[in-house]
Amino acid sequence: MKFLLRVLGFGLLAIAIVVGIADASRSIAESQIMFKPLGQLWFEMSPETLNLSQAVIQRYVHPIVWDPMLQTVLTWPAWAVFAGVGVLFLLMGARRQKRRFRYA
């Protein structure tokens, strides 16, 4: 399980780097800082799944989860969300080191 979490974490960090490079190149081309929000990226990739996830969360989970919570996350820069979730998965999948007692 920890191996899967590490692989997923590294994959999400790789996606964050790719999206960050795309944002940086767009910012250089436009001569101003531009970040693509996660919601816009999701809508461009697959608008059907965005609408479906909104309907499922509002109907089966709770409308409050979608409206203030997830809509806020969808306005954040995509690279930051992917990097944050990737680091979280890496921390959850980290190998634990055995504590060794040292005698002075």
Side-chain angles (χ1 to χ4, degrees):
M1 185 68 176
K2 288 186 182 267
F3 174 75
L4 182 64
L5 287 172
R6 285 193 302 268
V7 168
L8 200 57
F10 282 123
L12 287 172
L13 283 177
I15 292 171
I17 291 170
V18 169
V19 173
I21 290 171
D23 283 346
S25 64
R26 190 175 336 108
S27 295
I28 291 170
E30 296 288 330
S31 298
Q32 63 182 357
I33 297 176
M34 299 182 69
F35 296 122
K36 184 172 282 200
L38 180 64
Q40 181 182 354
L41 182 68
W42 192 356
F43 184 76
E44 289 173 0
M45 294 294 170
S46 178
E48 300 86 19
T49 59
L50 178 62
N51 293 331
L52 179 65
S53 64
Q54 178 184 2
V56 166
I57 290 172
Q58 285 181 337
R59 184 172 300 145
Y60 295 112
V61 179
H62 200 279
I64 262 183
V65 172
W66 180 263
D67 198 12
M69 293 180 192
L70 286 178
Q71 277 189 346
T72 302
V73 172
L74 290 175
T75 61
W76 294 349
W79 66 266
V81 176
F82 284 124
V85 175
V87 168
L88 182 69
F89 281 161
L90 284 176
L91 289 175
M92 289 182 349
R95 295 181 183 154
R96 305 284 183 214
Q97 293 183 358
K98 294 182 181 179
R99 292 186 179 197
R100 296 183 184 196
F101 294 103
R102 293 188 179 186
Y103 297 104

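For the residue pair G93 and R6, the shortest heavy atom distance occurs at O-NH1, 2.8 Å. When all heavy atoms are compared, the tightest approach of W79 to D23 is CD1-OD2, 3.4 Å. A16 and A83 get closest at one heavy-atom pair: CB-N, 3.5 Å. What you find for V65 and V61 is that their closest heavy atoms are CG2-CG1, 3.9 Å.
Both M92 and I15 belong to a single network of hydrophobic side chains, linked directly or stepwise wherever heavy atoms of I, L, V, M, F, W or Y lie under 4.5 Å apart. Both F43 and M45 sit in one connected hydrophobic cluster of ILVMFWY residues. Membership requires side-chain heavy atoms under 4.5 Å apart, directly or through other members. Cluster membership check: W76 shares its hydrophobic cluster with W42, using side-chain heavy-atom separations under 4.5 Å among Ile, Leu, Val, Met, Phe, Trp and Tyr. Under a hydrophobic clustering in which Ile, Leu, Val, Met, Phe, Trp and Tyr are joined whenever their side-chain heavy atoms come within less than 4.5 Å, directly or via other members, V19 and V73 fall into the same cluster. Two different hydrophobic clusters hold V81 and V18 under the rule that ILVMFWY side chains link at heavy-atom gaps under 4.5 Å.
For CD1 of I33, the number of neighbouring non-hydrogen atoms (other residues, nucleotides, ligands) closer than 6.0 Å is 12 at most. Residue F35 qualifies as enclosed at atom CZ: its count of foreign heavy atoms under 6.0 Å is above 12. Other residues, nucleotides and ligands contribute more than 12 heavy atoms inside 6.0 Å of the CG atom of L88.
Atom OG1 of T75 is separated from atom CG of L70 by 11.0 Å, given to the nearest 0.5 angstrom. Taking CG from D67 and OG1 from T72, the interatomic distance works out to 8.5 Å, rounded to the nearest 0.5 Å. Here W66 contributes atom CH2 and L74 contributes atom CG; the two are 5.0 Å apart, rounded to the nearest 0.5 Å.
With side-chain heavy atoms closer than 4.5 Å counting as contact, directly or through intermediates, the hydrophobic cluster containing F10 also holds L13, V87, L90, L91.
The salt bridge (charged side-chain N to carboxylate O under 4.0 Å, His left out) analysis of residues 72-87, with sequence neighbours excluded, yields no pairs. The salt bridge (charged side-chain N to carboxylate O under 4.0 Å, His left out) analysis of residues 40-64, with sequence neighbours excluded, yields the pairs K36-E44.
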Worksheet item: Should I17 and F82 be marked as a side-chain contact (heavy atoms from CB on, under 4.5 Å) after you check the CA-CA gap, both sets of side-chain angles, and the distance that decides it?
Response: CA-CA 9 Å; I17 291 170; F82 284 124; over 6 Å; no

